[in-house]
Amino acid sequence: MIVILAEKPSVAREIAMLVGAKTKKEGFIEGNGYCVTWAIGHLVSLAMPEDYGFQGFKREALPILPRSYLLVPRKVKKANKYTPDPGALKQLKIIDKLFKVCTEIIVATDAGREGEFIARYIFQYLNCTKPFKRLWISSLTEKSIKEGLQNLREGSEFDGLFRAGHSRSRADWLVGINASQALTVSMNDSVYSLGRVQTPTLSLICKRYLENTSFKKKLYYQLELQHLKDGILFKSLSTDKWEDKQKAEQALKLIDKQSEVKIQKVETKTIREESPLLFDLTSLQKRANELFGFSAEETLSIAQSLYEKKFITYPRTSSKYIPDDLWAEVPNLLKVLSDDSRYSNLLLKLKMARLNKKIVNDVKVTDHHGLLTTDRLPSAINAKEESIYHLIAQRVWEAVFDPCVKTQTEITLNVLDYEFSFKSSSIMELGWREVRKEFSTTDEVVIDLPDLQQGENLKIKETKVLEKSTKPKPLYTESTLLSAMENASKEVEDRSLQSVIKDMGIGTAATRASIIETLLKRNYIIRKAKSLVPTEKGLKVYEIVKDKLISDVLLTAKWESAFKDIEENKTNMEDFHRQIEDYTSEITAELLAIKPITEMAHLSCPKCKGHTLQLREKVVKCLDIDCSWVLFRAICRVKLSIDDITDLIQQGKTKLLKGLISKAEKEFDAYLILKEDCTTGFEFKSK
């Protein structure tokens with residue numbers, strides 16, 4: 001008897017049907033010499049500290065470094081306690097019984113790092129040492145499953161993948177458990193959650209938020225000229241930028257006396273805009289967030305549903321390419337798509353004999369190839385699934401079209417030694433943009449200009465001074481945060497390091513969505529319109545740990561690279577684990593050394609003089625319940641630091657507070673002073 005272990009009941013049913021297993025039993029489907037069972041996701045996981053006998057949240061117990069790692073069945077929370085999930089225990093008993101009596105095992109969990117260690121943890125927990133075969137497929141279509149079953153691979157081929165998954169799991173356990181408990185013990189005012197990827201990601205969001213909100217915009221001025229030739233109206237902009245409006249207006253007055261500008265230079269170049277590659281999961285999540293506002297988690301969930309319904313290939317991929325042997329199937333996929341009226345036109349415009357083969361690259365295909373549609377057109381799918389399906393379908397079409405060819409012209413004008421310029425572009429060959437045009441998605445505006453020659457004079461129809469301002473880097477959206485996580489090297493300010501860690505990211509295509517969701521669940525960040533914004537709690541955690549090792553984006557990115565090396569047997573798993581243990585000991589010591597700042601023992605209440613002040617998120621207040629003295633920490637939208645509060649109480653006056661915002665929305669700078677009646681007021685610099 002052959003046992004097939006799938007990841008979910010829905011996938012097990014598909015496989016059972018194809019192998020001729022039709023009799024439904026409790027926890028498996030039997031027939032034709034097969035028993036097809038399933039895991040229901042993570043049935044087994046690493047044990048928690050209490051399972052080893054460690055008492056949680058005790059300074060003397062930290063760091064917790066198990067000698068060996070126990071595996072336990074999945075647990076559920078009941079009355080503030082975690083107990084084994086009865087459903088998980090029941091399914092594990094069924095799998096154990098089947099493993100013991102079978103002649104062969106086929107692992108058919110999802111073909112990726114997570115699917116691999118879901119299966120291997122079950123094997124380890126059940127002490128099953130039987131060899132197994134691996135079903136490794138990228139699509140759940142009948143054809144793909146049949147081909148996979150005919151070409152089963154040795155389970156040992158994927159030992160590296162399991163080692164990488166197990167290393168990640170242990171690293172996350174060590175860092176998450178110890179860092180969270182150490183900070184909670186130190187602060188002694190709340191339960192904190194820190195994590196190997198979660199905390200550097202929070203740091204990215206908080207750092208960008210603080211840069212954005214503290215940004216002081218500067219006004220500058222440019223001149224705009226309007227021209228008319230051959231009935232076409234167009235504008236040019238000064239290359240000079242003035243900080244002083246009066247100087248800009250003086251320049252404008254001089255130009256107003258002129259009626260023409262001279263064309264100094266006409267530069268035209270041809271640009272080939274290559275067709276985009278196929279989607280990997282991260283780029284699909286980014287695009288869906290930009291177009292539809294879907295969260296990364298939501299896009300993954302929708303894509304997983306489409307995969308299980310056999311309409312797309314495996315979504316948890318980090319590759320945008322396909323292997324050479326899959327290229328022959330692409331024309332058939334396009335023919336299937338063209339049965340949908342949306343795509344019928346495209347087949348006529350595409351020269352099937354010379355499809356663009358740019359997406360074929362065996363070296364750049366990771367565990368799975370880029371996202372493709374399958375040979376089945378979707379039916380009975382909801383509106384959100386339809387949006388994601390057609391996003392993937394359109395990208396398949398775009399990827400195989402020729403490049404878009406444009407001409408770009410840059411014109412430089414001169415008047416009284418002032419330089420003006422403008423650009424225009426026109427499309428010569430639409431290429432892959434034919435697909436964008438068909439679906440009217442957002443696209444660039446193409447400006448056609450009249451014929452303009454170097455040395456020619458152009459009439460000035462109108463002049464204007466434009467007031468502009470410098471802008472901060474925008475707050476992160478899910479799309480731009482996914483980019484920052486994927487390209488962590490670009491977030492490192494040291495330029496010399498950027499080339500060394502090029503292409504390193506934090507998290508993986510499969511885990512980034514869950515990291516963002518974890519930060520939302522912890523109430524460290526919130527969604528505000530399309531932006532991700534830290535909460536007070538998130539900013540507090542960031543302020544505490546921003547200079548600590550746990551927040552190091554670079555270190556986390558290097559680890560992601562190490563997991564890949566472990567998978568490819570370039571790095572020894574146990575050597576890496578010892579490095580993680582050393583790092584865990586270091587961050588635990590760092591976090592345990594943090595002094596809680598809830599009580600400001602060095603400051604006495606200015607009103608009653610006899611009691612200590614307590615620092616809270618929003619206020620500083622006297623600990624005496626009979627004393628009503630309180631100081632709000634946010635003054636005209638500027639948050640008072642510990643130093644500001646100390647100066648105010650001890651010296652009666654803060655340092656100059658900059659960027660205060662009045663009720664009339666005007667910005668001002670002032671000192672905060674403590675009056676004789678212990679209320680506060682402002683003192684201005686001029687006084």
Side-chain angles (χ1 to χ4, degrees), residues 3-8 11-12 37-47 66-74 88 91-92 95-96 98-99 102 104-138 148 151-176 196-197 281 314-319 365-368 507-511 514 559-581:
V3 169
I4 300 178
L5 174 66
E7 193 165 316
K8 291 180 180 176
V11 179
T37 187
W38 49 84
I40 330 172
H42 292 265
L43 282 180
V44 176
S45 59
L46 293 177
R67 286 183 184 174
S68 61
Y69 286 78
L70 301 174
L71 292 171
V72 294
R74 183 172 60 218
Q91 190 62 17
L92 282 166
I95 296 168
D96 188 29
L98 293 172
F99 276 8
C102 70
E104 187 181 336
I105 300 171
I106 298 170
V107 169
T109 49
D110 280 357
R113 191 184 286 171
E114 191 174 12
E116 195 62 31
F117 81 83
I118 282 174
R120 299 292 186 107
Y121 274 9
I122 291 171
F123 272 73
Q124 285 190 7
Y125 177 74
L126 298 177
N127 292 315
C128 177
T129 54
K130 287 184 178 179
F132 63 89
K133 295 279 200 296
R134 190 67 164 94
L135 176 70
W136 192 265
I137 53 176
S138 287
N151 298 283
L152 292 169
R153 295 163 71 174
E154 290 298 327
S156 56
E157 277 187 54
F158 301 94
D159 287 351
L161 195 64
F162 169 61
R163 283 195 299 272
H166 186 42
S167 297
R168 177 194 294 279
S169 187
R170 291 195 301 182
D172 287 344
W173 192 99
L174 280 170
V175 175
R196 184 184 62 83
V197 184
L281 176 59
Y314 189 61
R316 287 178 165 87
T317 175
S318 56
S319 178
V365 174
T366 52
D367 294 340
H368 293 278
T508 63
T511 60
S514 64
W559 283 352
E560 295 297 345
S561 194
F563 295 137
K564 194 70 189 163
D565 287 345
I566 288 167
E567 183 181 328
E568 293 167 3
N569 222 17
K570 293 175 186 171
T571 296
N572 180 279
M573 181 173 81
E574 293 308 324
D575 287 347
F576 175 74
H577 186 64
R578 280 188 284 277
Q579 286 177 35
I580 292 285
E581 285 191 329

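Computed from a prediction, not measured in an experiment: that's the story for all the values here.
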Heavy-atom closest pair (Thr317 atom, Ala509 atom, distance to 0.1 Å) is O-CB, 3.7 Å
ask   = Glu116 versus Phe162: any side-chain heavy-atom pair under 4.5 Å?
value = yes
So OG of Ser167 and CZ of Phe563: to nearest 0.5 Å the spacing works out to 6.5 Å
Are Tyr121 and Leu46 close enough that some pair of their side-chain heavy atoms sits under 4.5 Å apart? yes
Rounded to the nearest 0.5 angstrom, the NE2-CD1 distance for His166 and Ile566 is 10.5 Å
Looking at side-chain heavy atoms only, is the closest gap between Ile580 and Trp559 below 4.5 Å?
-> yes
Sorted by chain and number, sequence neighbours left out, ring pair (Phe, Tyr, Trp, His ring centres under 6.0 Å) with Tyr125 holds for none
Q | Check against salt bridge (Lys or Arg N to Asp or Glu O under 4.0 Å), Glu581 and Arg578 | A | CA-CA 5 Å; Glu581 285 191 329; Arg578 280 188 284 277; over 6 Å; no
**Prompt:** Less than 4.5 Å apart, any side-chain heavy atom of Tyr69 and any of Leu174?
**Reply:** yes
Q: Carefully, step by step, assess Phe117 and Gln124 under the rule side chain to side chain contact (heavy atoms under 4.5 Å, CB included).
A: CA-CA 10 Å; Phe117 81 83; Gln124 285 190 7; over 6 Å; no
Residues Gly148 and Ile137: closest non-hydrogen pair is CA-CG2, 3.9 Å
Ile105 side chain reached by Cys128 side chain, heavy atoms, under 4.5 Å: yes
Heavy-atom closest pair (Leu135 atom, Ala108 atom, distance to 0.1 Å) is CD2-CB, 3.7 Å
Presence of salt bridge, Arg134 and Glu154, under 4.0 angstrom: no
Value for NZ (Lys133) from CD1 (Ile106), rounded to nearest 0.5 Å, stands at 8.5 Å
dist Ile4:CD1 -> Leu98:CG (nearest 0.5 Å) comes out at 11.5 Å
Candidate pair Thr37 and Gln91, rule side chain to side chain donor-acceptor pair (under 3.5 Å), full reasoning:
CA-CA 9 Å; Thr37 187; Gln91 190 62 17; 3.1 Å; yes
Of all heavy-atom pairs linking Ala47 and Trp173, the shortest is O-NE1, 2.7 Å
(Q) Using a strict threshold of under 4.0 Å (side-chain N to carboxylate O), is an ion pair present between Glu574 and Arg170? (A) yes
What one should report as the nearest heavy-atom pair of Ser319 and Val365 is OG-CA, 3.5 Å
Open item on the list: Would you call the rings of Phe99 and Phe123 parallel, tilted or perpendicular, taking 30° and 60° as the class edges?
Closed with: tilted
For Thr508, the side chain to side chain contact (heavy atoms under 4.5 Å, CB included) test, sequence neighbours excluded, returns Arg113, Arg168, Ala510, Thr511, Glu560
- Query: Any Lys/Arg nitrogen of Asp110 or Lys8 sitting under 4.0 Å from an Asp/Glu carboxylate oxygen of the other?
  - Reply: no
When every non-hydrogen atom of Ile118 is compared with those of Gly41, the smallest separation belongs to CG2-O, 3.4 Å
With a 3.5 Å distance limit and no angle check, can you tell me whether Ser169 reaches the backbone of Gly165 through a side-chain donor-acceptor pair? no
| said: Could you go through Thr109 and Glu114, starting from their C-alpha distance and side-chain angles, then the distance that decides it, and tell me whether this counts as side chain to side chain contact (heavy atoms under 4.5 Å, CB included)? | reply: CA-CA 9 Å; Thr109 49; Glu114 191 174 12; over 6 Å; no
NE2 (His577) and CG (Asp575) are apart, to the nearest 0.5 Å, by 11.5 Å
The reported gap from CZ in Arg120 to CZ in Phe158 (rounded to nearest 0.5 angstrom) is 9.0 Å
